[in-house]
Peer 1: 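Take this structure, written in structure tokens, and hold onto it; I'll ask about it next.
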Amino acid sequence: MSIRFFIRKIFRALLTICLIVTFIFVALRLSGDSALLIFGPDADSESLEILREAWGLNKPIWQQYVIYISNVFHGDLGKSYLDGRDAVEVVAERIPKTLSLMWVTAAVTLLIGIPAGIQSALHHNTKRDRVTMTLAVMGLSIPNFFLGVLLILLFSVTWRVLPSAGSDSWKHYIMPVITMATAEAAVFARFTRSAMLEILNQPYIRTAIAKGVPWKKVVREHALPNAAIPIVTIAGFFIGSLIVGGVITENVFAWPGVGRLLVTAVANRDLAVVQVTILLIAVSMVTANLIVDIAYGWLDPRVRDLRSEEL
């Protein structure tokens with residue numbers, strides 16, 4: 001892959017992040033008066049004006065945006081309206097909890113979804129295949145928030161064997177991970193199955209079998225590496241699904257992570273915290289998709305050469 005390929009991809013990633021940040025900045029300021037929400041409808045006009053002037057909310061939007069971008073380039077992403085701390089500090093203290101939940105969920109998803117899809121493809125049209133795909137469809141059909149509430153009702157309210165909120169012990173991870181990993185594992189299972197079935201029907205697989213290559217070797221050395229190429233494609237979407245699912249799941253289980261902070265900040269019109277959180281999410285998703293794009297070209301030289309020609 002050429003230097004030009006990397007530069008083009010990085011430029012697109014930076015442009016995407018800038019557009020997202022700009023859209024969020026404008027949308028938040030057009031959606032209502034933050035000072036009025038913070039002080040309440042009974043606040044006097046003098047107090048509201050003092051707050052607007054202190055936080056620069058009395059200036060035109062374009063001027064607020066110019067000041068914001070200038071501060072960003074100087075490393076200042078704003079302060080929280082609620083406690084006066086740097087917004088970066090407020091968000092950063094929530095990141096470890098969110099990352100720990102995402103890593104565990106990702107591990108469970110991949111360890112269940114990919115092997116299930118492979119086994120389903122290798123036993124195509126058998127009882128194992130039908131059972132696996134039925135479970136996958138059920139997993140995809142259940143919304144995160146519904147599954148989370150259902151697990152709380154069963155394991156916390158009825159049986160009282162698992163905690164319903166917090167993140168203090170390994171038991172707190174069980175229900176949030178199940179809630180997030182169910183749909184994601186189903187996606188990987190179905191996608192892996194489709195990719196494997198397509199590869200197993202290719203002529204080179206039949207040729208390898210005709211030459212007497214052992215079936216396990218055919219699967220291990222020919223089918224799996226080629227099936228990995230399309231599976232890598234959904235990895236970027238997987239990161240996005242984890243982030244979106246994390247926002248919902250963290251609020252259902254009162255998990256002290258970035259997702260719950262985002263909902264709280266939006267509700268309280270804490271603009272700086274919302275902007276930093278959205279920026280963090282945007283950078284994470286764009287970076288993940290950039291890595292996937294590069295990995296896809298590395299795994300499949302045909303795609304790499306085609307994209308190089310397009311550039």
Side-chain angles (χ1 to χ4, degrees), residues 17 20-21 24 77-113 143-157 160-185 187-188 235-289 291:
I17 293 173
I20 292 173
V21 170
I24 295 300
L77 296 179
K79 296 184 181 295
S80 170
Y81 292 175
L82 299 182
D83 57 16
R85 291 189 297 158
D86 287 341
V88 174
E89 180 183 348
V90 175
V91 175
E93 67 183 15
R94 300 291 191 101
I95 292 177
K97 290 294 185 181
T98 294
L99 286 179
S100 65
L101 181 60
M102 290 181 64
W103 280 117
V104 176
T105 302
V108 172
T109 297
L110 298 178
L111 289 175
I112 294 177
N144 277 7
F145 65 89
F146 176 78
L147 180 58
V149 173
L150 179 62
L151 292 176
I152 291 175
L153 289 175
L154 291 177
F155 292 98
S156 298
V157 178
R160 298 185 179 182
V161 293
L162 291 175
S164 62
S167 61
D168 298 329
S169 67
W170 63 269
K171 290 184 178 181
H172 289 86
Y173 283 81
I174 296 177
M175 290 195 293
V177 168
I178 292 175
T179 301
M180 294 177 63
T182 298
E184 302 300 337
V187 171
F188 271 92
F237 298 103
F238 177 47
I239 300 297
S241 298
L242 278 181
I243 293 174
V244 174
V247 173
I248 298 172
T249 303
E250 287 183 8
N251 281 276
V252 171
F253 294 97
W255 188 273
V258 176
R260 190 171 183 225
L261 174 65
L262 176 60
V263 173
T264 303
V266 170
N268 293 320
R269 299 283 300 171
D270 198 347
L271 302 186
V273 174
V274 174
Q275 288 165 182
V276 172
T277 306
I278 295 297
L279 178 61
L280 174 64
I281 293 174
V283 170
S284 301
M285 295 183 65
V286 170
T287 302
N289 281 279
I291 294 173

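For the single chain, residues carry numbers from 1 onward in sequence order.
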Peer 1: If you compare all heavy atoms of T109 against all heavy atoms of A185, which two are closest, and at what distance to 0.1 Å?
Peer 2: CG2-N, 3.5 Å
Peer 1: Report the residues that fulfil ring-ring contact (aromatic ring centres under 6.0 Å, His included) with F188, sequence neighbours left out, ordered by chain and then residue number.
Peer 2: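 Scan of F188 (ring-ring contact (aromatic ring centres under 6.0 Å, His included), adjacent residues dropped) gives F238.
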Peer 1: Tell me whether T105 contacts the main-chain N or O of V177 through its side chain, where contact means a donor paired with an acceptor under 3.5 Å.
Peer 2: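 It does not hold such a pair.
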Peer 1: Salt bridge check, E250 against R94: does any charged N sit closer than 4.0 Å to a carboxylate O?
Peer 2: no
Peer 1: If you measure from CE on M102 to OG1 on T249, what distance do you get to the nearest 0.5 Å?
Peer 2: 11.0 Å
Peer 1: Listing request: all ring-ring contact (aromatic ring centres under 6.0 Å, His included) pairs with a residue in residues 87-112, at least two apart in sequence or in separate chains.
Peer 2: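 For residues 87-112: none.
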Peer 1: Within this structure, what is the OG1-CG distance for the pair T179 and N144, rounded to the nearest 0.5 Å?
Peer 2: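 Answer rounded to 0.5 Å: 7.0 Å.
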Peer 1: Give me the atom names and distance for the closest heavy-atom approach of I239 to S284.
Peer 2: CG2-O, 4.4 Å
Peer 1: Do D270 and S80 have side-chain N/O donor and acceptor atoms under 3.5 Å apart?
Peer 2: yes
Peer 1: List for me each residue that meets side chain to side chain contact (heavy atoms under 4.5 Å, CB included) alongside V244, sequence neighbours excluded, and say none if there are none.
Peer 2: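 Checked V244 against side chain to side chain contact (heavy atoms under 4.5 Å, CB included); zero matches.
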Peer 1: Under 4.5 Å between any side-chain heavy atoms of L242 and M180, yes or no?
Peer 2: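 They are in contact (side-chain heavy atoms under 4.5 Å apart), so the answer is yes.
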Peer 1: Checking K97 now: which residues fulfil salt bridge (charged side-chain N to carboxylate O under 4.0 Å, His left out) with it, not counting sequence neighbours?
Peer 2: none
Peer 1: If you look at every heavy atom in M175 and S164, which pair is closest and at what distance?
Peer 2: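 That closest heavy-atom pairing would be CE-CA, 4.0 Å.
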Peer 1: Specify the closest pair of heavy atoms between L101 and P176, including all atoms of both residues, with the distance to one decimal.
Peer 2: CD1-CB, 3.8 Å
Peer 1: Do you know which two heavy atoms are closest between T98 and G259, and how far apart they sit?
Peer 2: OG1-N, 4.2 Å
Peer 1: Taking the side chain as C-beta and beyond, is there a heavy-atom pair between K171 and V161 under 4.5 Å?
Peer 2: no
Peer 1: Can you name the closest pair of heavy atoms from V247 and N251 and give their distance?
Peer 2: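 Scanning both residues, the minimum pair turns out to be O-ND2, 2.6 Å.
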Peer 1: Could you list the residues that satisfy side chain to side chain contact (heavy atoms under 4.5 Å, CB included) with A272, not counting sequence neighbours?
Peer 2: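 A272: side chain to side chain contact (heavy atoms under 4.5 Å, CB included) contacts with A87.
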Peer 1: Quick check: do L262 and I278 have side-chain heavy atoms less than 4.5 Å from each other?
Peer 2: yes
Peer 1: Can you measure from OG1 (T277) to CD1 (I95) and round to the nearest 0.5 angstrom?
Peer 2: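 Rounded to the nearest 0.5 Å, the OG1-CD1 separation comes out at 8.5 Å.
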Peer 1: Measure the CD-CG distance between E89 and L77 for me, rounded to the nearest 0.5 Å.
Peer 2: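 Going from the CD atom of E89 to the CG atom of L77 covers 13.0 Å.
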Peer 1: Name all pairs fulfilling the ring-ring contact (aromatic ring centres under 6.0 Å, His included) condition that reach into residues 254-278, sequence neighbours left out, sorted by first residue then second.
Peer 2: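 Qualifying pairs, neighbours excluded: Y173-W255.
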Peer 1: Report the distance from atom CD1 of I248 to atom CD1 of I243, rounding to the nearest 0.5 Å.
Peer 2: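 Result: 13.0 Å between the selected atoms.
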Peer 1: Does a side-chain heavy-atom distance below 4.5 Å link I178 with L151?
Peer 2: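 In contact.
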Peer 1: Do I17 and V283 come within less than 4.5 Å of each other through their side chains, counting heavy atoms only?
Peer 2: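 Side-chain contact under 4.5 Å: yes.
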